[in-house]
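Protein chains get the first letters and strands the later ones, always in sequence-line order, with residue 1 at the start of each.
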2 protein chains.
Amino acid sequence: MTGALDPDMFAGCADVDPPFRVGDKWTAKVLVCLRDGPRRFSELGVPLRPITPKVLTGTLRAMERDGFVRRTDHGGMPPRVEYALTDLGRTLLTPLAAACAWSREHLGELLAARDAASA
Amino acid sequence: MTGALDPDMFAGCADVDPPFRVGDKWTAKVLVCLRDGPRRFSELGVPLRPITPKVLTGTLRAMERDGFVRRTDHGGMPPRVEYALTDLGRTLLTPLAAACAWSREHLGELLAARDAASA
DNA sequence: CAGGATCCGTATTGATACTG
DNA sequence: CAGTATCAATACGGATCCTG
């Protein structure tokens with residue numbers, strides 16, 4: 001099972017430019033917020049608070065560029081823009097779930113280790 | 001299966017301070033390098049090149065603080081220090097493998113999406 | 001060998017104010 | 001509503017030199 005880990009697996013991956021943004025502060029959270037269907041710009045702002053509009057825009061633009069999200073501008077006034085996961089974006093939910101499972105199982109150990117280290 | 005994703009799963013997780021360092025530039029790679037057993041400081045420097053000693057030290061210190069790595073100083077001259085994964089660190093290999101699997105399967109799609117976006 | 005010290009450039013994130 | 005513009009703070013990563 002550790003055999004699934006290729007020592008060279010990062011070779012062509014970590015140095016992609018511009019870099020992946022799944023490890024940044026907000027991308028994974030946006031992914032989760034869009035899991036159950038399209039959301040409007042301001043609908044994303046609520047669960048992601050205190051994110052600022054500028055940062056949310058930047059995050060969504062990067063996700064759009066990478067093909068994780070599709071932006072739909074319905075025009076009109078007031079403006080109405082919806083964001084939805086693409087099929088590719090949806091595939092990211094699987095590794096994300098693995099990370100979340102780890103967190104649920106081991107976060108306490110990590111916190112305990114930190115506590116011991118600070119003593 | 002998407003039911004495994006809890007909307008609040010990031011609630012107490014992403015705002016831990018100091019932050020998790022698995023998403024930084026080097027931690028995941030160090031994890032892989034230590035997968036097959038203990039390695040010395042300079043042994044890590046080779047596969048991780050062009051990492052600098054300072055950055056490698058910082059990465060290892062953070063991993064040690066979080067309980068992912070155990071540092072063993074064998075003393076003597078010349079110095080000899082070994083780093084090994086702890087049981088907790090080893091558990092991280094599982095979600096990491098999921099991320100690697102995603103990369104192997106979908107990296108091409110991501111690159112294609114970027115290519116289309118830049119056109 | 002295994003680092004520590006110092007200096008530095010850049011990317012990321014954020015606060016605030018403003019616009020079509 | 002859905003952003004953009006501007007400015008500021010900081011954290012991360014890196015280069016270079018030094019030491020027990």
Enquirer: Give a yes/no on whether any side-chain N or O of Arg21(A) is located under 4.0 angstrom from OP1 or OP2 of dT13(C).
Expert: yes
Enquirer: Would you mind checking if Asp66(A) and Arg21(A) are paired as a salt bridge, meaning a charged N to carboxylate O distance below 4.0 Å?
Expert: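 A salt bridge is absent here (no side-chain N lies under 4.0 Å from a carboxylate O).
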Enquirer: Nearest to the Val81(A) side chain among dT13(C), dG20(D), dG3(D), which nucleotide is it?
Expert: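 That would be dG3(D).
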Enquirer: Verify whether one side chain among Thr91(A) and Trp102(B) offers a donor that lies under 3.5 Å from an acceptor in the other.
Expert: yes
Enquirer: Which one, dG3(D), dA2(C), dG4(C), comes nearest to the side chain of Arg40(B)?
Expert: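 Of the candidates, dA2(C) comes closest.
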Enquirer: Per the side-chain contact (heavy atoms from CB on, under 4.5 Å) rule, which among Met63(B), Arg39(B), Arg35(B) passes with Val30(B)?
Expert: Met63(B)
Enquirer: Checking contacts here: which listed nucleotide (dC1(D), dG13(D), dG3(C)) is nearest the side-chain heavy atoms of Arg61(B)?
Expert: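 Closest of the options to the side chain of Arg61(B): dG3(C).
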Enquirer: Could you state the atom-to-atom distance from CG of Leu60(A) to P of dG3(D) in whole Å?
Expert: 8 Å
Enquirer: Specify the residues of residues 65-72 of chain A, ordered by number, for which at least one heavy atom lies under 4.0 angstrom from an atom of DNA chain D.
Expert: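 Those residues whose heavy atoms fall under 4.0 Å from DNA chain D, taken from residues 65-72 of chain A in numerical order, are Arg71(A).
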Enquirer: Nearest to the side chain of Met77(A), which nucleotide is it out of dA15(C), dG20(D), dG20(C)?
Expert: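 It is dG20(C).
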Enquirer: Atom CG of Leu56(B) to atom P of dC12(D): distance rounded to whole Å?
Expert: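 The answer, rounded to whole Å, is 16 Å.
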Enquirer: Keeping the roles fixed (side chain from Thr27(B), backbone from Asp24(B)), state whether a donor-acceptor pair exists under 3.5 Å.
Expert: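 Side chain of Thr27(B) to backbone of Asp24(B): no pair is present.
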Enquirer: Can you tell which of dG14(C), dC1(D), dG3(C) lies closest to the side chain of Trp26(A)?
Expert: dG14(C)
Enquirer: Closest to the Lys54(A) side chain: dA2(D), dT6(D), dG20(D)?
Expert: dT6(D)
Enquirer: Taking only the side-chain heavy atoms of Phe41(B) (C-beta and beyond), determine which of dG13(D), dA2(C), dA15(C) contains the nearest atom.
Expert: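 Of all the options, the side chain of Phe41(B) is nearest to dA2(C).
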Enquirer: Go through dG3(C), dG13(D), dA2(C) for me and flag the one nearest to the Thr57(B) side chain.
Expert: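 In terms of side-chain proximity for Thr57(B), the closest of dG3(C), dG13(D), dA2(C) is dG3(C).
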Enquirer: Looking at dG13(D), dT4(D), dA2(D), which one has an atom nearest to any side-chain atom of Lys25(B)?
Expert: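 In terms of side-chain proximity for Lys25(B), the closest of dG13(D), dT4(D), dA2(D) is dG13(D).
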